[in-house]
Amino acid sequence: MKSLYLRIYLTLVALLLAFAFGSAWLFQRHIEQERGNVEIAASERLNAIAELLRLALPPATAARREQAAAFMEWSGRLRMPLALEDERGRIAATGAFHRRVDDPGAVIIRASLGDGRTLDMVRTVRPPVASGGPGGPGGPGPGAGGRGARPDEGLWNAPWTARAGAPGSTQLSTLAVVLLLLFIGVAAGAYPVVRRLTRRLEALKGGVEQFGAGQLHHRVDDSGRDEVAALAASFNQAAARIETLLRSHQTLLANASHELRSPLARLKMAFAMLDDAAPAQRQRLAQEIDVNIAELDALVEEVLLASRLEAGSALGDSQPVDLLALAAEEAARTEVAFEPETDAARVDGQERLLRRALRNLLENARRYGGPDVQLGLRPVAGGYEIVVADRGPGVPAELRERIFEPFYRLPGHAEMAGGVGLGLSLVKQIAERHGGSARCLARDGGGSRFVIFLPATKH
């Protein structure tokens, strides 16, 4: 489980790192593209200015002082850090050019005027300094120096220096710090979330192991509303079902093994006496053997049927069953009075199981309730009720639920009339298997009434 926790956490961290590096790479590409665009725009602008000055300035053959004066006049109008040179050196330069040309981050861009002269422009990587500076050889011109020239220099600097050079490096450093802080924050925030999730999975794993080790009563914490809580709730439901089935099967096996001892012991004794018995006694022993074999066969059949019903195994497809005909046949077979209160009663179910339930009730009533047994069938809300009434000693109110437990028998009944205590248990399981119920009630005037409710067929 720890490996799962690490995999989830490392996956989140790796995704965050990929996002951070990807963002930094895209930002760097954007900066480089912008820097290239700035360089291209600066060169194109300088070429345009050079073409303008070539037409506006005196020719290259004019006096250098005349060229310098005209250049300083135009550079003042253009408000740019420019310098004019020829093959003999610099003719003139603005004050802004002098201040920036010696800066560590200064970049000089040069354009030819086509007559042997060149126009130089300097770009700086930081805003210009606050102090004024002297002009070029031609002296300071308008906008070339002094306090009035600084706003113009700022106007020139803004489009070019703010997007390249050192300010871009500062932005990259800031971006790196922001991404690092974002990475640390998300990584720190993801840790408790992932750890809490995996800790709950570890608890679920431990609960499953405890249950698998034989602690059938163990349940896991299913608090919450997420998928892990739903999984824990499903496990608890499955565990409860498995525990019930195992307990039921253990009880069934223990009781069945106990009940098998009596007929087996009687069979063993009868076979031991059979060789030395007289002819008359031999016939009686043979009858005893047949009775015990029949009892064993019935017990095994009831145990198997109870086990399959308890486990929810498929016992066949449901079909419409005519309860009226079924009850009439069983009443005739057991010779009991049948008093139906309806002329039609159909339910969805398995006729073999419903016949077994009704037969168990009628045989129990004849065995424990005396000869006065009545069978009734009546319609009720949502279905029909089969009622088997007798005039026996009745069932105490506190035991009317317990008699439907497997192998439970009222005190004295085993000694009086035999039986293994599975008949009523099968009745209840069959009724519940068909979506109904079975209960025991007192009968007016003495005796008991066993009532099976079965839902009517859905049209």
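Interatomic distance, Glu405 CD to Leu399 CG, rounded to the nearest 0.5 Å: 9.5 Å. Here the CD1-CG distance, from Ile293 to Leu264, works out to 10.5 Å after rounding to the nearest 0.5 Å. Summarising the geometry, atom CD1 belonging to Ile386 is positioned 4.5 Å from atom CG belonging to Leu323; distances are rounded to the nearest 0.5 Å. Atoms CD1 and CG, on Ile109 and Leu46 in that order, are 6.5 Å from each other to the nearest 0.5 Å. In this structure, CD in Glu385 is found 4.5 Å from CZ in Arg378, a value given to the nearest 0.5 Å. The distance from atom CD1 of Ile49 to atom CD of Glu51, rounded to the nearest 0.5 Å, is 12.0 Å.
Heavy-atom minimum distance, Gly394 versus Ser448: CA-OG, 3.2 Å. Minimum interatomic distance between Ala229 and Ser223 (heavy atoms only, all atoms of both residues): CB-O, 3.5 Å. Contact between Ile452 and Ala357 at its shortest, heavy atoms only, is CD1-CB, 4.3 Å. For the residue pair Ala331 and Leu375, the shortest heavy atom distance occurs at CB-CD2, 3.8 Å. The two atoms that bring Leu204 and Val220 nearest to each other are CD1-CG2, 3.8 Å, heavy atoms only. Considering all non-hydrogen atoms of both residues, Leu324 and Pro340 come closest at CD1-CB, 3.7 Å.
Proximity of Tyr384 to Pro379: side-chain heavy atoms (C-beta onward) are separated by under 4.5 Å at one or more points. No side-chain heavy atom of Leu426 sits less than 4.5 Å from a side-chain heavy atom of Leu353. You'll find the side chain of Met273 stays beyond 4.5 Å of the side chain of Glu288, heavy atoms only. A 4.5 Å side-chain heavy-atom check between Val388 and Leu358 finds at least one atom pair inside the cut-off. With a 4.5 Å cut-off on side-chain heavy atoms, Met121 and Arg45 do not count as touching. Taking 4.5 Å as the limit, some side-chain heavy atom of His434 sits within range of a side-chain heavy atom of Gln350. Phe450 is listed as a side-chain neighbour of Leu424, based on a closest heavy-atom distance under 4.5 Å. You'll find the side chain of Leu267 reaches within 4.5 Å of the side chain of Ile289, heavy atoms only.
Between Leu454 and the choices Leu354, Val321, Asp348, the side chain to side chain contact (heavy atoms under 4.5 Å, CB included) rule is met once, by Leu354.
Of the possible polar contacts, none joining the Asp390 side chain to the Gly447 backbone as a donor-acceptor pair under 3.5 Å is found. The main-chain N or O of Pro371 is never found under 3.5 Å from a side-chain atom of Arg391 such that the two would form a donor-acceptor pair. With hydrogens and angles disregarded, no donor-acceptor distance shorter than 3.5 Å links the side chain of Arg439 to the backbone of Arg400.
Within a 6.0 Å sphere centred on CD of Gln283, heavy atoms belonging to other residues, nucleotides or ligands number 12 at most. Heavy atoms of other residues, nucleotides or ligands lying less than 6.0 angstrom from CD of Gln215 number more than 12.
When the ring pair (Phe, Tyr, Trp, His ring centres under 6.0 Å) test is applied to Phe211, the partners found at least two apart in sequence or on another chain are Phe235. Taking the side chain to side chain donor-acceptor pair (under 3.5 Å) definition, one finds that Arg219 meets it with Glu243, sequence neighbours left out.
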Pairs under 3.5 angstrom only: tabulate donor-acceptor contacts from the side chains of residues 332-339 to other protein residues two or more places apart or in another chain.
unit_1	atom_1	unit_2	atom_2	d
Arg333	NE	Glu330	OE1	3.3
Arg333	NH2	Glu363	OE2	3.4
Thr334	OG1	Glu330	O	2.8

